[in-house]
Amino acid sequence: ARPSKARPRGEASPAGVDQFTARTDSSSAGQYFYYYGLLMHQQGMLADTVRTGTYQRAMLENHVDFTGKVVLDVGAGTGILSAFAVMAGARHVYAVEASGMATHCERLMRANGMASKVTVINKKVEECSSADLPEAVDVIVSEPMGVLLVSERMLESYIYARKFLKPGGLMMPTTGTMYVAPFTDYALFAEQAGKASFWHQDHFFGLDLSALAEQARDGYFSQPVVDAFPADMLVKRVKGRGAWATHRIDFRTATCEDLAEIHIPFESTVSAPTHVHGVACWFDVLFDGAQNKVVLTTAPDAPTTHWYQVRCLLKKPTFVGAGQVLVGSVHLRVHSRQSYFIDVELFEKGAAEKSTNRLDLKDPLFRPSSWVPATDQCPS
C-alpha cells in the first residue's frame with residue numbers, strides 16, 4: 001500500500017498531539033524507537049570513529065561555548081554527547097531520549113560520575129515542557145543526521161528544540177550541506193538490472209514469471225544505493241571538480257516547512273563522453289564554535305562513515321558527449337514513514353528525451369563495499 005501523505009505544510013497538528021506523532025506513521029515510529037533502543041545499533045554509531053571523534057573534537061575544541069553553560073542533548077542515545085558536554089565544562093545537561101535507551105544512558109552517566117550533571121528525560125523533545133526543562137539552554141547538541149542528511153526526519157526534532165534555546169544560543173551542529181553530482185558506474189547498473197532479470201524466466205517450475213518483470217525492475221531501481229565509491233566515478237566537468245550543486249540548511253533558522261520539499265538543480269558542461277547512470281549524493285555538517293570551525297563530512301574522497309554516500313540510479317542511463325551540457329535535478333519530498341521520495345531527472349541540454357526515476361529513501365539498498373578511500377582513518 002502507498003504510505004499515507006505527510007501533513008500538508010502549514011497545517012497545525014491536532015489538539016493534544018505532539019508534532020512528531022502528527023507527522024509520523026505509527027508503525028514507522030514504533031520500529032524507529034525499538035531500533036534505537038538496542039545497544040547493538042548504538043554500538044554501530046559509536047564505533048564510527050570519524051563520527052564520534054569529530055563530535056568530541058568539535059565540542060572540546062570549543063570548550064568556551066560549554067563552560068558553565070546549560071546544554072540540551074536531543075536524541076541523546078547512550079549519552080555520549082552529554083558526556084562530551086560535561087567534559088567541555090557544561091554546568092548541566094538535559095539529555096532527551098525517547099527510546100528505551102534512556103535507561104542505559106542513566107546507567108552510563110552514573111557509572112562515569114556524571115549523574116549529578118546530566119538529567120535524562122525519557123520523552124520525545126516534542127513532548128517536553130518547562131516542567132522537564134525548567135531553564136532555557138545555552139547550547140543544543142544532537143546527532144540528527146540520517147542517510148543523505150535528511151532521512152529519518154530527526155532534523156525536524158532538532159529544529160523544534162530551538163524553543164528551549166536562549167536567544168543567540170548555539171546549535172551544534174550549526175549547518176548542514178547536501179551535495180549532488182552525476183556518476184558513471186557500469187557495474188552497479190548491471191548488478192541491479194541483473195537482479196531484475198530473474199523475473200524474465202518463462203518456465204520457473206512450470207510458471208511464466210515475466211508478467212512481473214517490469215514491476216520487479218521498477219522495485220530494484222527505486223532503491224537508493226548506500227555505499228562507498230571512488231570520487232573518480234563522478235562525471236567530470238570542463239570547469240570544477242566534485243559536487244555539481246549544493247543545498248545548505250541553517251539549523252539556527254530553518255523551519256520544518258523548509259525541509260518538506262528540497263529541490264537541487266544542476267547544469268554543467270561535460271569534459272569527456274560518458275554514460276551517466278544516476279546521481280550521487282553526500283553531505284557535511286559544520287560545527288561553528290567560538291574557537292574553531294569543525295566539519296564532519298561524508299564525501300566520497302574523505303574517510304568513510306556509517307552514513308556512506310547515496311546513489312540514485314536511473315532506470316535508463318543517458319549518454320552525454322564531450323562539450324555537451326548535462327542538465328538535471330534532485331527533488332526530495334517528505335512522507336510520513338520518516339523519510340523522503342526522491343525524483344531524479346537527467347538530460348542533455350537540447351535533447352527531447354529525459355531520463356527520470358523515483359526512489360524511496362525509506363527503502364535503501366545497503367551495499368557493503370571493500371573499497372575505501374586511501375585516507376580512511378580516524379581524524380586527528
Side-chain angles (χ1 to χ4, degrees), residues 1-11 19-29 31-32 35-36 75 126 142-160 173 175-183 218-227 243-251 254-266 278-285 298 305-315 328-346 356-367:
R2 192 175 183 85
S4 57
K5 293 182 179 179
R7 184 168 301 282
R9 291 185 290 173
E11 183 177 325
Q19 288 189 18
F20 177 92
T21 302
R23 71 173 183 254
T24 308
D25 176 87
S26 59
S27 61
S28 177
Q31 293 168 2
Y32 175 75
Y35 179 93
Y36 285 109
E126 292 87 350
S142 184
E143 195 271 75
M145 301 89 74
V147 169
L148 190 51
L149 181 60
V150 295
S151 188
E152 297 184 344
R153 298 182 63 181
M154 190 181 164
L155 286 178
E156 292 166 66
S157 296
Y158 186 43
I159 287 169
Y160 177 89
T175 64
T177 303
M178 304 166 70
Y179 300 83
V180 301
F183 73 91
D218 288 346
Y220 282 115
F221 280 87
S222 72
Q223 291 186 289
V225 178
V226 179
D227 68 350
W244 283 39
T246 64
H247 179 82
R248 181 174 176 270
I249 303 169
D250 191 328
F251 303 135
T255 66
C256 292
E257 287 189 354
D258 294 332
L259 301 178
E261 289 196 48
I262 297 171
H263 186 68
I264 311 175
F266 55 86
V279 179
C281 312
W282 62 95
F283 71 89
D284 64 34
V285 292
T298 65
T305 71
H306 77 285
W307 291 285
Y308 295 96
Q309 295 93 42
V310 176
R311 291 190 282 173
C312 301
L313 282 165
L314 297 167
K315 285 184 280 189
S329 65
V330 176
H331 188 88
L332 297 96
R333 179 172 57 85
V334 295
H335 60 63
S336 63
R337 293 180 299 128
Q338 296 175 270
S339 201
Y340 285 75
F341 293 119
I342 306 174
D343 287 296
V344 177
E345 179 180 81
L346 277 172
T356 63
N357 195 17
R358 169 167 286 191
L359 305 94
D360 188 351
L361 193 53
K362 180 69 173 183
D363 183 32
L365 169 65
F366 287 95
R367 184 175 176 258

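Just so it is clear, the structure is predicted and the values come from calculations on it, not from any experiment.
The line from CD of Q223 to CG of D363 is 4.5 Å long, rounded to the nearest 0.5 Å. In this structure, S222 OG and L313 CG are separated by 10.5 Å, a value rounded to the nearest 0.5 Å. Rounded to the nearest 0.5 angstrom, C281 SG and F183 CZ are separated by 9.0 Å. Distance check, rounded to the nearest 0.5 Å: CD1 of I264 to OG1 of T246 gives 8.0 Å. Interatomic distance, CG of L148 versus CZ of R311, reported as 14.0 Å (0.5 Å rounding). Here the straight-line distance linking atom CD of E156 with atom OG1 of T24 works out to 8.0 Å at 0.5 Å rounding.
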Task: V150 and M178: CA distance, side-chain angles, deciding distance, side-chain contact (heavy atoms from CB on, under 4.5 Å) verdict - done: CA-CA 9 Å; V150 295; M178 304 166 70; 4.3 Å; yes

TODO: Kindly indicate, with the supporting measurements, whether the criterion side-chain contact (heavy atoms from CB on, under 4.5 Å) is fulfilled by Q338 and Q31.
DONE: CA-CA 11 Å; Q338 296 175 270; Q31 293 168 2; over 6 Å; no

Open item on the list: Before you tell me yes or no, could you show the steps for I159 and L259 under side-chain contact (heavy atoms from CB on, under 4.5 Å), namely the whole-Å CA-CA distance, both residues' side-chain angles and the distance that decides it to 0.1 Å?
Closed with: CA-CA 10 Å; I159 287 169; L259 301 178; 3.6 Å; yes

Task: side-chain contact (heavy atoms from CB on, under 4.5 Å) assessment of I249 paired with L149 - done: CA-CA 10 Å; I249 303 169; L149 181 60; 4.1 Å; yes

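When all heavy atoms of V285 and P173 are compared, the closest pair comes out as CB-CB, 3.9 Å. Residues G278 and L346 come closest through the heavy atom pair O-CD1, 4.0 Å. When all heavy atoms of I262 and D258 are compared, the closest pair comes out as CG1-O, 4.0 Å. Taking both residues in full, the closest heavy atoms of D25 and R337 are given as CB-CG, 4.2 Å, listed atom of the first, atom of the second, then distance. Closest approach of S339 to S151, counting heavy atoms only: OG-OG, 3.1 Å. Closest heavy-atom contact between W282 and A181: CH2-CB, 4.2 Å.
Residues satisfying the salt bridge (charged side-chain N to carboxylate O under 4.0 Å, His left out) criterion with K362, sequence neighbours excluded, are absent altogether. F221 pairs by the ring-ring contact (aromatic ring centres under 6.0 Å, His included) definition with F189, not counting sequence neighbours. For Y36, the ring-ring contact (aromatic ring centres under 6.0 Å, His included) partners are Y32, not counting sequence neighbours. Residues that satisfy the side chain to side chain donor-acceptor pair (under 3.5 Å) test with Y179, not counting sequence neighbours, are D284. The ring-ring contact (aromatic ring centres under 6.0 Å, His included) test applied to F283 returns W307, not counting sequence neighbours. Qualifying ring-ring contact (aromatic ring centres under 6.0 Å, His included) partners for Y35, counting only residues two or more places apart in sequence or in other chains: H41.
In terms of modelled atom types and a separation under 3.5 Å, the side chain of R153 and the main chain of H335 share a donor-acceptor contact. In this structure, E152 contributes its side chain and M145 its backbone to no donor-acceptor pair below 3.5 Å.
Residues L361 and V147 form a side-chain contact, since some pair of their non-hydrogen atoms from C-beta on lies under 4.5 Å apart. Counting only heavy atoms from C-beta outward, the side chains of T356 and D343 never approach each other to under 4.5 Å.
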